[in-house]
Amino acid sequence: MTLHNQNTAAAELELALTTEHFQKAVVDHHDAEAIERASTSAWKDVWYRLSRNWTAMTGLCILTALIVMAIIGPWLTPYDFSKNDLMSTSLAPSEKHWFGTDDLGRDMFARTWMGARISLIVGFAAAFINLIIGVIYGGIMGYVGGRIGDIMNKISEIIYSIPDLLVAILLVVVFEPSLLTIILAFCLTGWINMSWIVRGQIIQLKNQEYVLASRSLGASGMRILFRHLLPNTLGPIIVMLTMAVPAAIFGEAVLSFLGLGVQLPAASWGTMINDGTKVMLLYPWRMLFPAIMISLTMLAFNMFGDGLRDALDPKLKK
Amino acid sequence: MLRYMLNKFVFFFLAMFVLSSITFILMKAIPGDPFISEKAVPPDVKARLLAQYGLDKPLFIQYTTYLTNLLSGDLGISMKLANRAVVDFIRDSFPLSLRLGIAAIFTSVIIGVTLGMTAAFRHRKLMDSTAMIIAVLGVSVPSFVMAAVLQWLFAVRIPMFNVVGLVQAKDYVLPTLALSAMPIAYIARLTRSNMLEVLHSDYIKTARAKGLNSWTIMRRHVLRNGILPVVTFLGPLTANVITGSFIIEQIFGIGGLGKIYVQSIGNRDYSLIMGITIFYGLILMTARLLTDIAYGFIDPRIKLGKRKEGSA
């Protein structure tokens with residue numbers, strides 16, 4: 001193919017096109033500014049990425065199921081969780097007693113879900129109190145900074161180095177086990193991690209331009225802290241929460257195992273497992289069901305928390 | 001570096017002081033006195049008992065005596081078990097717990113790091129997902145459930161090991177596994193994510209571009225930076241093993257310090273509980289102190305005396 005040939009081909013093509021083939025384009029510069037897709041908020045974006053993550057969604061489903069069962073479970077069976085029935089002690093799972101019965105003939109299905117209530121209440125309540133204390137303390141520590149922030153940080157470091165479970169055990173021993181003392185025992189040291197995360201985030205954020213803009217518009221310190229800084233630290237706080245809840249549930253189980261759990265006739269998963277291990281070889285179901293439930297809860301929180309951390313991490317955004 | 005270490009030492013003593021003060025305050029917060037359970041003690045006998053234990057003195061004097069006793073290694077005496085010194089209980093039972101604890105710590109670190117590194121080097125392959133499934137399961141199953149299942153499976157169903165006791169070497173296998181299941185999972189996840197981060201970092205590319213062979217890169221760059229966070233986990237690991245031992249020793253019938261502690265809680269033997277608590281606190285805080293110092297030696301950023309703001 002020579003250069004000459006190409007030129008003639010182009011010339012023929014040119015001849016075939018007339019002005020009728022062309023249309024004047026109307027250029028509207030506003031169109032270039034228009035946004036084609038609906039805008040998404042940061043939280044919608046997180047939810048979108050989270051919902052694509054099947055492990056996280058499985059975790060969320062298991063959690064929802066457990067919470068629903070904790071609420072309605074005890075009513076699904078005609079048996080009361082605390083009623084002894086000495087004619088039917090230590091029965092294997094059957095049509096009548098779905099999870100079997102314990103040594104006093106109490107229905108294990110009802111007890112398992114009553115235990116779920118206690119365990120979940122301890123977990124969520126402890127995490128919630130830790131959240132409040134941690135956010136306030138960490139917020140002040142990070143926002144005020146300087147000498148006061150330093151001293152507050154040192155204080156939190158000292159409290160952190162005291163072994164948490166030992167203090168929890170001591171407290172519950174001295175003030176007698178009850179739901180309240182158990183929850184409070186986990187709040188003594190539990191808030192520290194939260195406060196450090198909040199502090200770190202706020203130190204990073206407080207010198208950003210939008211904070212300066214807000215300040216120059218005359219916003220008060222409290223307003224800046226609660227309207228601008230804290231909402232932007234929400235991501236790490238939520239991830240921290242998904243770890244704090246199972247930690248408290250686990251801690252409660254350990255306390256129960258040491259005989260420092262909620263007192264009879266109430267039962268948590270920990271106390272039921274503790275009773276169950278003693279007769280594990282004879283009546284395995286007495287340990288099996290609460291053990292499965294507590295493991296499922298841990299698993300679900302782990303799966304959901306991992307997914308949430310990935311979804312909230314802008315570095316992993318594709 | 002010296003300043004950093006000094007700082008950590010000061011914290012160690014402050015924290016120890018706070019812990020002992022908390023125990024003292026709690027001991028005093030218990031209603032009544034230690035002899036309230038005795039059957040109708042005549043007032044003069046009771047007064048003499050109180051005087052003998054120094055409980056008639058003002059609180060402040062009691063507090064300073066308590067602290068000086070602690071400094072000289074005197075943790076008090078058991079109130080329920082024939083006036084035996086707390087230190088004697090510890091001396092008798094701690095070696096057993098210590099051996100088990102050390103076995104568990106080594107097992108956790110070795111298996112955890114191996115699992116995590118395998119997963120990182122086989123990223124997004126079968127080995128990776130298998131290791132991570134093991135890790136998630138390990139984090140989810142509480143140690144007492146793990147212990148019970150192991151006992152049932154490998155001592156009752158398949159009688160490979162003894163159900164209880166800690167006499168022969170093979171008796172260590174099940175309790176150690178039960179104790180280290182959760183730390184293994186944590187360490188594996190930690191190692192994996194760190195190794196992945198390091199392997200994809202720019203300085204590894206630079207090292208490769210310089211033409212270093214992969215073994216040198218591995219030894220000098222990847223391992224050092226990838227293992228660092230595992231060192232920070234040694235403190236929490238010790239805590240994990242100690243709290244785990246309360247339960248594991250109970251289930252496997254091992255007469256270690258964990259079992260004594262649980263018994264003392266059951267008996268409400270307050271002075272024994274407090275004494276062992278202080279002892280555990282001492283171990284935990286020493287572990288944390290050593291971790292911090294080791295971290296200072298490994299992390300080059302601390303040697304330079306600079307600390308990242310907000311990472312404290």
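Just so we're on the same page: letters track the sequence lines, and every chain starts at 1.
Closest non-hydrogen pair, B/Phe246 versus A/Leu166, comes out as CZ-CD2, 4.2 Å.
Of all the listed residues (A/Ile169, A/Ile202, A/Ile294, A/Leu296), the one sharing the greatest number of non-hydrogen pairs under 4.5 Å with chain B is A/Ile169. When each of B/Leu26, B/Val262, B/Val136, B/Val18 is checked for heavy-atom pairs under 4.5 Å with chain A, B/Leu26 comes out on top. Of all the listed residues (B/Ile22, B/Val149, B/Val139), the one sharing the greatest number of non-hydrogen pairs under 4.5 Å with chain A is B/Val139. Ranked by heavy-atom pairs under 4.5 Å with chain B, the first of A/Ala300, A/Pro246, A/Ser295 is A/Ser295. In terms of heavy-atom pairs under 4.5 Å with chain A, the best-connected choice from B/Ala147, B/Gly244, B/Ala148, B/Ser143 is B/Ala148.
Interface remark: A/Ile273 contributes side-chain atoms only to the contact with chain B (heavy atom separation under 4.5 Å). A/Leu165 touches chain B through its side chain: at least one heavy atom from C-beta onward sits under 4.5 Å away, while N, CA, C and O do not. For B/Ile251, the part lying under 4.5 angstrom from a heavy atom of chain A is the side chain only. For A/Phe301, no part lies near chain B; criterion is any non-hydrogen pair under 4.5 Å. Heavy atoms closer than 4.5 Å to chain A are found in both the backbone and the side chain of B/Ile247. Heavy atoms of B/Phe12 lying under 4.5 Å from chain A are absent altogether. Within the 4.5 angstrom heavy-atom criterion, only side-chain atoms of B/Met182, from C-beta onward, approach chain A. With a 4.5 angstrom heavy-atom cutoff, B/Ala239 does not touch chain A via any of its atoms. With a threshold of 4.5 angstrom between heavy atoms, B/Leu284 approaches chain A through side-chain atoms but not through N, CA, C or O.
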Exercise. Check the pair B/Met132, A/Asp306 against side-chain contact (heavy atoms from CB on, under 4.5 Å), reporting the backbone distance first and the verdict last.
Key: CA-CA 12 Å; B/Met132 283 308 107; A/Asp306 281 358; over 6 Å; no
Practice problem: Could you please spell out the steps behind the side-chain contact (heavy atoms from CB on, under 4.5 Å) verdict for B/Leu14 and A/Lys154? | Solution: CA-CA 11 Å; B/Leu14 269 178; A/Lys154 294 273 184 256; over 6 Å; no
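Note that OG of B/Ser140 is 11.0 Å distant from CZ of A/Phe250, once rounded to the nearest 0.5 Å. Atom-to-atom distance recorded for B/Leu19:CG and A/Ile159:CD1 is 12.5 Å, nearest 0.5 angstrom.
Residue-environment remark: OH (B/Tyr186) stays at or below the threshold of 12 foreign heavy atoms within 6.0 Å. Atom CD1 of A/Ile148 has 12 or fewer neighbouring heavy atoms from other residues, nucleotides or ligands inside a 6.0 Å radius.
Annotation: side chain of B/Leu137 is not in contact with side chain of A/Met298 (no heavy-atom distance under 4.5 Å). Using a 4.5 Å cut-off on side-chain heavy atoms (C-beta onward), B/Gln250 and A/Leu258 make no contact.
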